[in-house]
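In what follows, a structure is listed as structure tokens, so that the remarks can point back to it.
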Amino acid sequence: MKKNLALLALSGLLLFSCKKEDVKTTEKVVTPNEIPANSNGYNVSKSTNIDLIKKCAAAWVNGDFEEYEKCYATNAIIHDNKIGSTVSENVAANKEFQKKNIKPTVEYNVIWEAINFKADEKGIKNFVLSAQTVTWKKDSKTSKVISFQIVAVKDGKITEEWNIYDSVPFTEFIKN
């Protein structure tokens with residue numbers, strides 16, 4: 001629970017600290033080329049890691065699970081609301097949705113990459129964070145779920161992923 005709260009606090013801090021324009025400090029205006037000496041890293045709005053996350057989401061939406069799995073490191077873990085699973089387990093669950101003609105779409109409300117100067121205990125320095133609307137469709141029914149996602153990326157592969165969302169709308173949706 002403490003890890004989840006810390007993760008949410010960090011995510012919120014990063015969400016509100018990101019700006020595309022210059023950031024004002026009490027001393028001077030900081031341009032994207034100048035990083036304050038006391039910072040732990042910096043954020044970017046475009047990167048190959050962001051492209052990787054979007055490519056992975058597109059493969060998921062299209063049911064291309066072979067391409068989806070290529071986005072992940074061998075021992076990657078996906079946490080959906082604190083429940084961890086392997087990529088293979090995640091794919092199996094999504095194939096079941098596919099068999100039931102339940103199809104997702106993803107719309108990114110905001111996405112950016114936090115690049116830390118120092119790696120964490122797992123050797124990760126790069127995290128892609130996003131808020132997204134996932135719309136689930138089956139026949140004429142839809143269910144929209146707002147999701148917050150944090151993805152750890154190392155060497156061009158997703159090593160760990162955390163998805164936080166209200167599961168009630170989706171749970172009700174798949175019951176019917």
Side-chain angles (χ1 to χ4, degrees), residues 1-62 64 67-87 90 104-135 144-166:
M1 182 67 170
K2 287 181 182 179
K3 277 187 176 181
N4 287 337
L5 289 175
L7 196 57
L8 282 172
L10 173 65
S11 301
L13 178 63
L14 289 172
L15 177 64
F16 293 110
S17 68
C18 292
K19 290 190 176 188
K20 291 182 182 176
E21 66 230 13
D22 293 344
V23 179
K24 293 186 179 185
T25 68
T26 55
E27 299 166 11
K28 66 177 188 167
V29 174
V30 178
T31 65
N33 296 327
E34 299 173 329
I35 300 172
N38 65 343
S39 81
N40 295 323
Y42 57 98
N43 297 326
V44 295
S45 59
K46 294 180 182 178
S47 71
T48 56
N49 288 333
I50 290 172
D51 292 343
L52 169 70
I53 302 313
K54 289 181 176 180
K55 174 184 160 188
C56 187
W60 176 65
V61 164
N62 293 322
D64 185 352
E67 193 64 32
Y68 175 78
E69 287 183 279
K70 289 179 186 177
C71 299
Y72 291 87
T74 305
N75 296 318
I77 300 293
I78 300 171
H79 306 274
D80 270 343
N81 283 343
K82 302 186 288 186
I83 299 170
S85 66
T86 65
V87 175
N90 182 273
T105 59
V106 176
E107 177 186 344
Y108 287 97
N109 303 317
V110 64
I111 187 168
W112 74 96
E113 181 176 2
I115 302 168
N116 299 314
F117 294 134
K118 185 178 177 185
D120 67 9
E121 66 278 356
K122 295 178 183 178
I124 309 297
K125 292 169 56 171
N126 301 71
F127 294 86
V128 176
L129 301 96
S130 66
Q132 40 189 254
T133 302
V134 179
T135 303
K144 289 190 178 208
V145 178
I146 304 298
S147 175
F148 192 78
Q149 184 181 64
I150 303 167
V151 182
V153 181
K154 183 177 181 183
D155 299 328
K157 298 283 186 178
I158 298 169
T159 60
E160 197 160 4
E161 176 180 313
W162 298 266
N163 299 299
I164 304 161
Y165 54 92
D166 180 2

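- A heavy-atom distance below 4.5 Å is not found between the side chains of Y68 and N62.
- Between the side chains of Y72 and N90, no donor-acceptor pair is found at a separation under 3.5 Å.
- Side-chain atoms of K70 never come within 3.5 Å of backbone atoms of C56 as a donor-acceptor pair (strictly under, hydrogens ignored).
- Counting heavy atoms from C-beta on, the side chains of Y108 and I50 never come closer than 4.5 Å.
- Of the inter-residue distances, the one linking N43 atom CG with F127 atom CZ reads 12.0 Å to the nearest 0.5 angstrom.
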message: Please evaluate residues I158 and I53 with respect to the criterion side-chain contact (heavy atoms from CB on, under 4.5 Å), reporting the C-alpha separation (whole Å), side-chain torsions for both, the decisive distance (0.1 Å), and the verdict.
response: CA-CA 8 Å; I158 298 169; I53 302 313; 3.8 Å; yes

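- Rounded to the nearest 0.5 Å, atoms NZ (K122) and CD (E160) are 3.5 Å apart.
- When side chains are defined from C-beta on, N163 does not count as touching N81, because their heavy atoms never get closer than 4.5 Å.
- Remark: S130 pairs with Q132 by the side-chain hydrogen bond (donor to acceptor under 3.5 Å, both in side chains) rule, at least two apart or across chains.
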Evaluation steps, side-chain contact (heavy atoms from CB on, under 4.5 Å), between D166 and I146: CA-CA 7 Å; D166 180 2; I146 304 298; over 6 Å; no

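- Listed here is the closest heavy atom pair of V134 and P104: CG1-CB, 4.3 Å.
- At most 12 non-hydrogen atoms from other residues, nucleotides or ligands lie less than 6.0 angstrom from CG of N75.
- Residues E67 and A59 come closest through the heavy atom pair CB-CB, 4.0 Å.
- Between Y42 and F117, the angle of the ring planes lies from 30° to 60°, which puts this pair in the tilted group.
- Annotation: side chain of E113 is in contact with side chain of N126 (closest heavy-atom distance under 4.5 Å).
- For K157, the NZ atom is densely surrounded, since the number of other residues' heavy atoms within 6.0 Å is greater than 12.
- No side-chain N or O of N40 forms a donor-acceptor pair with one of N116 less than 3.5 Å apart.
- The line from CD of E161 to CD1 of I78 is 5.0 Å long, rounded to the nearest 0.5 Å.
- Between atom CG of residue L129 and atom CZ of residue F148 there is a gap of 5.0 Å, rounded to the nearest 0.5 Å.
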